[in-house]
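Working notes for the structure below.
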Amino acid sequence: MEKIISLCKRRGFVFQGSEIYGGLAGTWDYGHLGLALKNNIKSLWWKMFVTDREDMYGVDAAILMQGKVWEVSGHTSTFADPLVECEKCKRRFRADHLENSEKCPECGGKLGEPRMFNMMFQTKVGAQDAVTSYLRPETAQGVFTNFKNTVDSFHPKLPFGIAQIGKAFRNEISPRDFIFRVRELEQMEVEYFVKPDEWQAEFEKWRENVREWVKLLGLKNVHEVEIKEEDRAHYSARTVDFEYDYPFGQNELLGLACRTDFDLKNHMKGSGVELEYFDEETKEKFVPFVIEPSFGVERALLAVLVESYTEDELGGEPRVFLKLPKHLAPIRAAIFPLLKNKPELVAKAREVFMMLKKDFPNVVFDDNGNIGKRYRRQDEIGTPFCITIDFDTLGEKPELLGTVTLRDRDSGEQKRVNIEELKEALK
Ligand code: ATP
């Protein structure tokens, strides 16, 4: 894990939040490459769950919502974790994460009695007569409050879903394990509305969809864990957690839950607004059930990094590289002139770079250091292809005119390819 964290910092993926002031626990900033990887994960998700389907609608709701939303959803009263404090060193822990509930894991001191700690960040909205609100702890409520708007605007037939990607905030008692447990997170959630008597079958379909997603991320060690009734969230009739083997142990990557009609029914009561669905075919009115696959962006990103982090030996030298699937890699290909002081090589390399950039916006030009170093730098950030323009490209060996070397990240193998064939080879 330390190696991944250090690579992330060194190569501009993830930095500690507010680092120059000593950091703010549970917050992380994303550098150029981490942002690119994160955006690739989010775009892939949106493509798979929204644009490639006909039954999905997007929404982008405000992070700040009326305080009443959180009362009605049950978060004000129940969105809490058990907190214990060490009587000696005063450190605080989540009681359900401790192996020994009596002794402090840091100093061995006696732990006090657990008390429930609400994880929502409270804030005040307005300058005068300020009202209490919260930074949303899940994106889902912004979907439920837009259920009627979506139905009125698009008249979808059941089953249909509303998807959202956005920030959520949880004042975790002990944020830890790099970006695994953070206080400011990003969720990708679908609320999928179904006829109440069809929820079990729809749940199984979503389980399959989630398996497909996990495959697209290239993750191998994922376990499906049926959550016992006593451990489920207050709204859930069934939850299956998808857990990944992180270096610090098997832990939740994402969750799939049936939220029943809990949220819509409560919002109907709380707001007085009709949130029933009218079925044109059967002429029935009812509150749909909801299947919710809930994906954390950070946990997906961390799993992808863990899965792809590889150490091997190439050409007799140890190397570290990220074996990222090419559709996720921040950079698809790096284009090099063999020598940076030969204008004819540089000009040709820039020509190839500009040509490829039209189809692959995430290609880069690099003429820094020798070729070996450039390869290693690209390997370390997971770039699947390197393209080198040399004197043969310009026709030194006439039979190689217009060809370049294309190097494969994983095997280190190089082959000669015609410039016209590059677009196909990079796909
Ligand atoms: P945990 O048990 O690990 O605290 P949870 O069961 O509270 O997680 P959910 O409420 O099901 O999590 O949230 C849905 C998803 O949001 C999680 O599967 C995870 O991917 C992500 N998530 C939740 N809390 C955090 C957090 N503090 N940091 C990063 N991601 C999170």
Side-chain angles (χ1 to χ4, degrees), residues 14 17 24-30 34 38 41-42 45 49 70 73-75 78-83 93-98 116-121 134-144 163-191 206-207 210 213-214 217 219 222-246 248-259 262-263 290-306:
V14 186
L24 177 67
T27 67
W28 297 89
D29 296 341
Y30 290 80
K38 196 152 84 144
I41 291 174
K42 291 195 282 185
W45 187 90
F49 292 114
W70 305 109
S73 68
H75 284 77
T78 61
F79 194 66
D81 278 337
L83 176 150
F93 305 95
R94 221 174 108 170
D96 57 333
H97 281 169
L98 293 178
M116 293 313 278
F117 172 77
N118 193 295
M119 291 199 291
M120 286 197 293
F121 283 98
Y134 304 90
L135 300 184
R136 66 182 178 198
E138 61 172 17
T139 56
Q141 296 306 324
V143 168
F144 295 127
Q164 178 165 222
I165 298 181
K167 292 260 185 175
F169 301 82
R170 298 182 178 191
N171 198 2
E172 294 280 352
I173 295 168
S174 43
R176 61 192 167 140
D177 299 320
F178 191 33
I179 54 173
F180 178 80
R181 187 171 299 286
V182 294
R183 288 182 169 140
E184 177 173 340
L185 57 130
E186 207 164 0
Q187 290 184 318
M188 307 181 283
E189 291 193 311
V190 170
E191 308 304 321
W206 274 99
R207 204 168 168 165
V210 172
W213 164 250
V214 164
L217 290 186
L219 304 180
V222 175
H223 314 271
E224 293 175 32
V225 181
E226 190 79 47
I227 303 299
K228 286 199 228 100
E229 193 178 344
E230 60 267 31
D231 296 331
R232 291 201 291 257
H234 58 281
Y235 49 70
S236 170
R238 184 179 178 197
T239 299
V240 172
D241 279 351
F242 284 69
E243 300 190 343
Y244 180 72
D245 286 333
Y246 292 99
F248 44 88
Q250 184 178 321
N251 234 313
E252 181 172 334
L253 167 71
L254 64 99
L256 175 63
C258 171
R259 291 181 81 125
F262 177 89
D263 298 273
V290 174
I291 309 295
E292 179 196 69
S294 174
F295 308 74
V297 176
E298 290 78 5
R299 290 189 187 181
L301 197 148
L302 181 57
V304 165
L305 286 172
V306 168

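All heavy atoms count here, side chains included; hydrogens, waters and symmetry mates do not. Along the sequence shown, the residues carry numbers beginning at 1. Remember, it's 1-based here, ligands and their atoms both numbered in the order they're listed.
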Donor-acceptor pair, side chain of R136 and main chain of K167, under 3.5 angstrom: yes
Contact check: E189 vs ligand 1, nitrogen or oxygen atoms, below 3.5 angstrom: no
Within 45° cone of F180 ring axis and under 6.0 Å: R299 NZ or CZ: yes
N-O pairing of R259 and E138 below 4.0 Å: yes
Per-atom contacts of ligand 1 with L254, taking only distances under 4.0 Å to non-hydrogen atoms: 18 (O)
Heavy-atom nearest neighbour in the protein, as seen from atom 4 (O) of ligand 1, with distance rounded to 0.1 Å: R181 NH1, 2.8 Å
Atom 15 (C) of ligand 1: nearest protein contact (heavy atom, Å): S294 OG, 3.7 Å
N-O pairing of E172 and R181 below 4.0 Å: yes
CD/E226: more than 12 non-hydrogen atoms of other groups inside 6.0 Å: yes
From CD (E224) to CG (L256), nearest 0.5 Å: 9.0 Å
Steps toward side chain to side chain donor-acceptor pair (under 3.5 Å) verdict (T27, E184): CA-CA 6 Å; T27 67; E184 177 173 340; over 6 Å; no
Nearest non-hydrogen protein atom, atom 30 (N) of ligand 1: R299 NE, 3.3 Å
Nitrogen or oxygen of F180 less than 3.5 angstrom from that of ligand 1: yes
Within-cut-off N or O pair, R170 and ligand 1, under 3.5 Å: yes
Contacting atoms of ligand 1, where contact means under 4.0 angstrom from a heavy atom of G296: 20 (O), 21 (C)
Close approach, E298 and ligand 1, non-hydrogen under 4.0 angstrom: no
Any donor-acceptor N/O pair, T78 side chain to G74 backbone, under 3.5 Å: yes
Residue part near ligand 1, for N251, under 4.0 Å between non-hydrogen atoms: neither
Within reach of ligand 1, part of R94 (heavy-atom separation under 4.0 Å): side chain
The single option from F49, W213, F295, F242 passing ring pair (Phe, Tyr, Trp, His ring centres under 6.0 Å) against W206: F49
Nearest neighbour in protein (non-hydrogen) for atom 22 (N) of ligand 1: L185 CD1, 3.7 Å
Nearest-option assignment for atom 11 (O) of ligand 1, heavy atoms, candidates M188, Q187, E252: E252
For G255, the ligand 1 atoms whose distance to one of its heavy atoms is below 4.0 Å: 18 (O)
Sub-3.5 Å N/O-N/O distance, V182 and ligand 1: yes
Side-chain donor or acceptor of D245 paired with backbone N/O of N251 under 3.5 Å: no
Ligand 1 contacted by R176 (non-hydrogen, < 4.0 Å): no
